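Bear in mind that the values here come from a model prediction, so they are computed numbers and not experimental data.
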Amino acid sequence: MVGEEGAFVLGWDEVLTEEELSVTLKVLCMSEEEFKEYKEQDGWEDDSEEEEGSTLSNEALSRLKPPCKRLLYDSVLLTLESYASDLKAEQDLLNNKEAYEKLSRREQQALHVRYGQKRILHQLLELVR
């Protein structure tokens, strides 16, 4: 369901892999009975009319059902824990001109990428809180 990399792609305004995330949340939040019924429908694709036109914008994420929000929240926390430093440490390094300039160009770019990723993840935490 998630693809080869096992990750979802989030942007500032919406989920860019919305179909994968929608199906994954739907399945993971189902009871065992609901899952059996869903599986028996032979229609993993059949409920596309139900979700057609609904994008996983930030607004839509904030309106998810509580079990889905909790699953996303916990997943984001686990993802943030996988980083060696937190958002504040990245921000402090970006704001410390002397320390920042000691980094190689590659390290500076990596810092900007990590900082952006963490900001998006923190934004998602706020949306599903």
Just how far is it from atom [atom1] of [X] to atom [atom2] of [Y], taken to the nearest 0.5 Å?
X	Y	atom1	atom2	result
Ser75	Arg70	OG	CZ	10.0 Å
Lys118	Tyr83	NZ	OH	6.5 Å
Leu21	Lys26	CG	NZ	13.0 Å
Leu25	Leu72	CG	CG	5.0 Å
Leu93	Arg114	CG	CZ	8.0 Å
Arg63	Leu127	CZ	CG	11.5 Å

Pairing residues for [X] by the side-chain contact (heavy atoms from CB on, under 4.5 Å) criterion, not counting sequence neighbours:
X	result
Ile120	Leu10, Trp12
Glu34	Met30, Ser31
Leu16	Val9, Glu14

Do [X] and [Y] share a hydrophobic cluster (ILVMFWY, side-chain heavy atoms under 4.5 Å, transitive)?
X	Y	answer
Leu61	Leu28	yes
Leu121	Tyr115	no
Leu71	Leu77	yes

* Where is the tightest heavy-atom contact between Phe8 and Thr17, given as atom of each residue plus distance? ->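 The answer is CA-OG1, 3.4 Å.
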* To do: Indicate the atoms forming the closest heavy-atom contact of Asn58 with Gln123, along with that distance.
  =>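 Between these two residues, the closest heavy atoms are ND2-NE2, 2.9 Å.
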* Take atom CD in Glu59; do more than 12 heavy atoms of anything else shown fall under 6.0 Å from it? ->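 No, CD of Glu59 has 12 or fewer neighbouring heavy atoms, counting only those of other groups under 6.0 Å.
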* **Stepwise salt bridge (charged side-chain N to carboxylate O under 4.0 Å, His left out) test for Lys36 and Glu40** => CA-CA 6 Å; Lys36 284 179 184 175; Glu40 288 170 4; over 6 Å; no
* **side-chain contact (heavy atoms from CB on, under 4.5 Å) between Asp13 and Ser57, intermediate numbers included** => CA-CA 6 Å; Asp13 301 317; Ser57 64; over 6 Å; no
Spell out, as yes or no, whether a donor-acceptor pair under 3.5 Å connects the side chain of [X] to the backbone of [Y].
X	Y	result
Asn96	Asp92	no
Glu107	Ser104	yes
Lys69	Ser62	yes
Glu90	Ser85	no

* Asked: Run the side-chain contact (heavy atoms from CB on, under 4.5 Å) check on Glu32 and Phe35 step by step: do they pass?
  -> CA-CA 5 Å; Glu32 188 175 344; Phe35 179 71; 5.7 Å; no
* **Test applied, side-chain contact (heavy atoms from CB on, under 4.5 Å); reference residue, Leu80; option that passes from Leu87, Leu124, Leu125** =>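 Answer after filtering Leu87, Leu124, Leu125: Leu125.
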